[in-house]
Amino acid sequence: MSAVASSPSLLGVLQAYRRRIGLLAVLGVALVLPFIPPFTGEDYRRWLIVAAFMAAQAVAFDFTAGYINIVNFGFAAFVGLGAYTSGLLAVDFGVSPWIGMVVGATMAGLVGLLTGALTLRLRGIYAAVMAWFVGLALMGLVRNLPEITRGSLGLSVPLILETNENLPYYYLILGMLVVTFAVLAWVVRSRYGLAFRAIGQNLASARASGINPTRYLVINFVLSCAFAGWLGGFYAHFYGILTPDIMLTSHTVEILAIAYIGGRGSLWGAAVIAFPLSIGVEYVKVQFSTLPGVHLVLYGLLLILVMIYKPGGFAAIVGSLDEWLTRRLPERRSEAPAADTGA
């Protein structure tokens with residue numbers, strides 16, 4: 001066996017290096033994709049915006065589900081909370097959407113703090129259900145306060161960019177995706193990330209090692225909710241109209257499916273797989289417009305296949321291929337001199 005193949009540390013370095021190169025390559029493709037047919041059309045560029053928006057949400061969702069093992073079924077409600085906060089500030093007080101998005105993120109983070117402090121002492125399905133109830137309560141408030149939110153009639157809000165073209169919006173949400181991924185990946189690599197993994201894998205062992213589970217659970221949850229609110233602000237000022245439907249649990253299920261198909265606990269897996277998945281789903285919606293909800297069936301089927309055949313999702317598939325290549329290349333190099341000598 002070669003020295004590279006037998007050295008776990010060197011193997012990990014090579015894999016990390018290739019992963020960074022791969023992510024930069026994916027980002028490069030995402031940057032030029034709007035100039036490659038058919039994405040030169042406005043409708044297709046709108047699909048790219050949806051894909052990047054879903055990718056950013058999936059990264060924020062995976063930060064909680066993948067690392068502390070808490071499924072936030074109220075995630076879409078926190079997106080909606082950030083959207084309505086930013087939208088109402090712009091409509092009622094003339095606050096710039098750029099500032100409103102930050103305030104929306106702060107509001108979602110504060111509500112996430114209260115929610116986390118009350119619910120994250122529970123574990124598993126109990127914490128998930130409590131987060132779901134909080135999400136339903138937030139959606140109920142938005143729906144039943146029409147004098148403030150206009151309820152199901154829809155709240156018209158100003159756009160964040162003074163343009164009718166989709167390209168600037170695509171690069172804006174792509175930048176927000178990069179920021180979301182970079183910040184949360186940095187947290188994961190810090191000592192907080194080590195605590196998150198310990199808690200997610202074995203709460204009792206983490207507590208025995210001196211980790212305060214509630215503190216780290218709440219920190220993780222607050223960060224995820226804050227980014228959800230920030231992304232919600234983009235949603236508000238991109239579409240220009242808000243209804244309580246943005247808070248539906250079905251939207252959380254879509255994000256959950258992307259995160260799990262991408263690979264729970266990877267962050268990058270969800271970010272990458274969201275693009276082909278979201279674009280495919282948008283195509284299905286257009287082709288089967290008479291069958292509302294068919295895209296949820298597609299997500300469900302893909303999720304079932306992943307859970308049965310590759311529970312680690314897309315990230316695990318890439319990881320297995322990367323490990324095989326890392327071990328295979330040194331073997332080929334060691335075989336090459338022997339082949340040359342025989343010639």
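Below, each value reflects all heavy atoms present in this structure, side chains not excepted, and no hydrogens, waters or symmetry copies.
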With rounding to the nearest 0.5 angstrom, report the [atom1] to [atom2] distance, [X] to [Y].
X      : Y      : atom1 : atom2 : result
Leu136 : Leu248 : CG    : CG    : 9.5 Å
Ser224 : Ile219 : OG    : CD1   : 13.5 Å
Phe75  : Thr64  : CZ    : OG1   : 8.0 Å
Thr180 : Leu267 : OG1   : CG    : 10.5 Å
Ile279 : Phe275 : CD1   : CZ    : 7.5 Å

Geometric class of the [Y]/[X] ring pair [parallel <30°, tilted 30-60°, perpendicular >60°]:
X      : Y      : result
Phe238 : Phe234 : parallel
Phe196 : Tyr192 : tilted
Tyr239 : Tyr235 : tilted

Non-hydrogen atoms of [X] and [Y] that approach each other most closely:
X      : Y      : value
Pro168 : Thr163 : CG-CG2, 4.1 Å
Ile49  : Asn166 : CD1-O, 3.4 Å
Ala270 : Val59  : CB-N, 4.5 Å
Leu120 : Ala127 : CD2-CB, 4.5 Å
Asp62  : Ala259 : CB-CB, 4.3 Å
Ala315 : Gly263 : CB-CA, 4.2 Å

### Linked, directly or transitively: Tyr171 and Trp47 (ILVMFWY side chains, under 4.5 Å)
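Tyr171 clusters together with Trp47.
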### Query
Within 45 degrees of the axis of the six-membered ring of Phe35 and under 6.0 Å from its centre: does Arg45 put its NZ or CZ there?
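Yes - Arg45 lies over the ring of Phe35, closer than 6.0 Å to its centre and within 45° of its axis.
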### Listed partners of Asp43 passing side chain to side chain donor-acceptor pair (under 3.5 Å), at least two apart
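Scan of Asp43 (side chain to side chain donor-acceptor pair (under 3.5 Å), adjacent residues dropped) gives none.
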### Query
Of Leu118, Leu113, Val111, which meets side-chain contact (heavy atoms from CB on, under 4.5 Å) against Thr115?
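Running side-chain contact (heavy atoms from CB on, under 4.5 Å) over Leu118, Leu113, Val111 with Thr115 returns exactly one hit, Val111.
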